[in-house]
There are 2 protein chains.
Amino acid sequence: MAGKRHKTNGVSLREVAKAAGVSKMTASRVLRAEGGYSDKTRDLVMRKVDELGYLPNRLATVFAGDSASTFVGVSIPELGNEVFSQVLEGIDRKLGAFGHQTVLGLTQHTQEAEEEWIKTVLSWKPAGLILTGRYHSIRATEMLRASGVPIVEIWDLNSSPLDMSVGLNHFDSGFDMGRYLTSAGYQALGYVGTSHDTANAATARLEGFCKAVEGGGGTVAKQLCLHDMATYYTGFYGTEQLLAAGEPIDCIFYQNDAMAFGGLQYVYSKGLCVPQEIGIAGWGDLPITSVLPMRMTSMHVPHFKLGQVAAEMMLASLQCEPVERTRDIGFKLIPGSTVRQTC
Amino acid sequence: MAGKRHKTNGVSLREVAKAAGVSKMTASRVLRAEGGYSDKTRDLVMRKVDELGYLPNRLATVFAGDSASTFVGVSIPELGNEVFSQVLEGIDRKLGAFGHQTVLGLTQHTQEAEEEWIKTVLSWKPAGLILTGRYHSIRATEMLRASGVPIVEIWDLNSSPLDMSVGLNHFDSGFDMGRYLTSAGYQALGYVGTSHDTANAATARLEGFCKAVEGGGGTVAKQLCLHDMATYYTGFYGTEQLLAAGEPIDCIFYQNDAMAFGGLQYVYSKGLCVPQEIGIAGWGDLPITSVLPMRMTSMHVPHFKLGQVAAEMMLASLQCEPVERTRDIGFKLIPGSTVRQTC
DNA sequence: AAGCATTAAGTTACCCGTAACGTTAGGCCC
DNA sequence: GGGCCTAACGTTACGGGTAACTTAATGCTT
């Protein structure tokens, strides 16, 4: 029989108020430093707060419907890719500095996982959402629209975002790389990446790459999209597979630097000379690149800054400050030494 | 006058119930599939749920005090270190598969940041907490104890955890490395790492390392603890600093692989021969190691698994299943080719 | 001293979902 | 046909905090 429902282990505001001999409301005002109480009352309440070890229950505050919650949902495809862990660090550091918390969601590049996660996170009434990528399921889009919370879509530059967007033009970055490689004299190019069920940023890069290569007089002799994770190993075996096909290929562009390193290692193991016999180009500019003997030709993207900007846009939106709806974070080609220099 | 407080944008259960012409309670029962309603009523309610796009408000459910919340606070020092992003991925994947969400906290290796974060996260009534490291501030420890939520401390093996713990014995791993290096014939060893305000796992590794070296007839000629991040760059410049001191050093042990790569690159740039003239040993076994021409001598730790085990312990505790309080995840020495082989 | 403004409280209602309990209608049995 | 049972649904209260309103006490003015 004994009151089963009264098991909330924490000390409540009511208990603090009772101990201090004031009403809940007065205690609430003191805790929020709202004013409307005497110094004596404030000290008394604060002393009881310390004595009892009172921790406010934010659920109740948000639930009361006045203020928004302080957490922001952040969806990221995976953390195995260093690029995304840097973006996440940029986001969380910035949000954390302004009293917000990150609720993480790893979608593993699938819209189903993203939709499921969005549904769950929205039921917690988050202050906002930061989503990686511009492609969401129809139901997810509906829920996002209906929720009314601020949303920042990152990674892809998106001229018509759900709400706000920060990223880079992946097509252009692939195009620039393609132009760079063809102008360096490579003719028969290859691509090694991974495939997912839906179009994504890497797809856009590949499209831009192909367009530039064809426009530059070269050919994309072979594209390989493996059903696997975009890691070193996949780069290694993907390269083996690509070259085993027998077609002459003098330069390979990879989905990211991790795969490019794997590929580089494979061509080394076959005794091929880089960059004379074969060129290797990655994307993303991993930090380790700068301390390895051979600098990887790659595309630098300010990952950490991307995360920070995303968080700043979110914070500005939460403060009801004016925010530009889209921001281009840019990219920069790193010549490196794994492709021939343009003379 | 107009009801200012009724601005909660979502559709509430009451609205669903009204639309279906039933009471809130009946709608609630249908949504929880609790039984006690006719098929006709169930279909009617579910149709209205779809029509109105109702999303349950979990805040209210948790607030009502019946069920616990579904999120788990996870504190991680930083994500720049690949090791920790892998641990986090292991945790979130496992938690996510069981309907839980990760609330992230990056402590940047400081107890103050951790304490602040713990305070905030506890106010959201999390289902549990996973904390990196065994050292917490006094106030943090008090709050954790008082909260009564399940806690898993990871990274350091901890024989007397606050609640549960999974990790490895860092002292032993440093000891094993020290013994390995001395038995390989190195005499004058150096160490390059970073320092933080408090003792941590890296400190324990260094202690074990020193003990083994001294016991093995060698000497730790110089230890360098930089006030900086443990990255490639720090490894590069730290090595420069270490060797500039002039003391003869024939082998360097680093806080982690990233620093070791930086150091390796520095000694290459000076024309030193690895491993003949100088040995280089890291810790953590970064994935990239396995595809680089030269395999780094390192200590392998199952990072991803560590995260998964931590999540499993948490989940078991939440299900009130029996859980062992501590688990040793182990480590394994990777001989590599950056130190001389023991003959 | 009466009138009015200001400060420092207390009271009430509400947020949304659920436990506990109450009610109604119909079926079944003897 | 009266008593009893049960399925199906409604009513009430509650949790922790806060907005909006009310009340009490104090200070100040003329």
Side-chain angles (χ1 to χ4, degrees), chain A residues 1-45 48-49 52-70 122-125, chain B residues 1-45 48-49 52 54-70 122-125 147:
Chain A
M1 181 91 223
K4 293 278 166 81
R5 296 192 62 198
H6 308 275
K7 45 154 72 172
T8 38
N9 37 23
V11 180
S12 76
L13 185 62
R14 191 220 312 260
E15 294 170 67
V16 172
K18 201 163 69 179
V22 299
S23 72
K24 268 190 352 174
M25 202 55 223
T26 299
S28 173
R29 279 191 273 251
V30 169
L31 279 160
R32 284 174 299 132
E34 199 206 58
Y37 43 80
S38 64
D39 290 357
K40 208 183 89 188
T41 303
R42 185 199 52 208
D43 294 344
L44 181 61
V45 170
K48 292 298 171 188
V49 164
L52 299 173
Y54 170 74
L55 267 187
N57 184 339
R58 311 276 234 110
L59 285 181
T61 307
V62 175
F63 176 59
D66 334 307
S67 62
S69 80
T70 56
L122 281 180
S123 73
W124 289 108
K125 306 286 168 191
Chain B
M1 182 86 220
K4 294 277 166 80
R5 295 192 62 200
H6 306 276
K7 47 154 69 173
T8 36
N9 36 25
V11 180
S12 75
L13 186 62
R14 192 221 310 258
E15 295 170 69
V16 172
K18 201 163 70 178
V22 299
S23 72
K24 271 190 351 175
M25 202 54 222
T26 298
S28 174
R29 279 191 273 250
V30 169
L31 279 161
R32 285 175 298 131
E34 199 205 57
Y37 45 80
S38 65
D39 290 356
K40 208 184 89 187
T41 304
R42 185 198 54 207
D43 294 344
L44 183 59
V45 170
K48 292 299 171 187
V49 164
L52 299 172
Y54 170 73
L55 267 187
N57 183 340
R58 308 277 233 112
L59 287 180
T61 308
V62 174
F63 176 61
D66 333 309
S67 63
S69 81
T70 55
L122 281 181
S123 73
W124 289 107
K125 306 287 168 193
S147 73

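In what follows, chains carry the letters A, B, and so on, assigned in the order in which the sequence lines appear, proteins first and then strands, with residues in each chain numbered from 1. Note that the structure is predicted; figures quoted are calculated from it, not measured.
For the pair B:Y54 and C:dC16, the criterion of a side-chain N or O lying under 4.0 Å from OP1 or OP2 is not met.
Judged as a side chain to side chain donor-acceptor pair (under 3.5 Å), and not counting sequence neighbours, A:S69 has no contacts. Looking at residues two or more places apart in sequence or on another chain, you find a side-chain contact (heavy atoms from CB on, under 4.5 Å) between B:A19 and B:K48, B:L52. Not a single side chain to side chain donor-acceptor pair (under 3.5 Å) links B:R14 to another residue, sequence neighbours left out. Here B:L44 pairs with B:A20, B:R47 under the side-chain contact (heavy atoms from CB on, under 4.5 Å) rule; sequence neighbours left out. Considering only residues two or more places apart in sequence or on other chains, A:L122 meets the side-chain contact (heavy atoms from CB on, under 4.5 Å) condition with A:I118, A:P126, A:L129, A:M143, A:S147, A:V149, B:L55.
Non-hydrogen atoms lying under 4.0 Å from DNA chain D are contributed by A:R32, A:E34, all within residues 30-41 of chain A.
The salt bridge (Lys or Arg N to Asp or Glu O under 4.0 Å) contacts involving residues 18-29 of chain B comprise nothing, where partners must be two or more places apart or lie in separate chains.
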Sort me out a list of protein N/O and nucleotides 10-12 of chain D N/O pairs below 3.5 Å, or just none if empty.
residue, atom, partner, partner atom, Å
D:dG10, OP1, B:S23, N, 3.4
D:dG10, OP2, B:S23, N, 2.8
D:dG10, OP2, B:S23, OG, 2.7
D:dG10, OP2, B:T26, OG1, 2.6
D:dG10, N7, B:R29, NH2, 3.1
D:dG10, O6, B:R29, NH1, 3.3
D:dG10, O6, B:R29, NH2, 3.3

For nucleotides 24-27 of chain D, list the nitrogen or oxygen atoms of the protein found under 3.5 Å from its nitrogen or oxygen atoms, one pair per line.
none

Distance-only criterion, 3.5 Å: show the donor-acceptor pairs between side-chain atoms of residues 33-40 of chain B and protein atoms not counting sequence neighbours.
residue, atom, partner, partner atom, Å
B:E34, OE2, B:R32, NH1, 3.3
B:S38, OG, B:T41, N, 3.2
B:S38, OG, B:T41, OG1, 2.8

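Here the CG atom belonging to A:N57 is positioned 6.5 Å from the CZ atom belonging to B:F63, to the nearest 0.5 angstrom.
When the local axes at the two ends of the helix from C:dA1-D:dT30 to C:dC30-D:dG1 are compared, using 5 base pairs at each end, they differ in direction by 50° after rounding to 10°.
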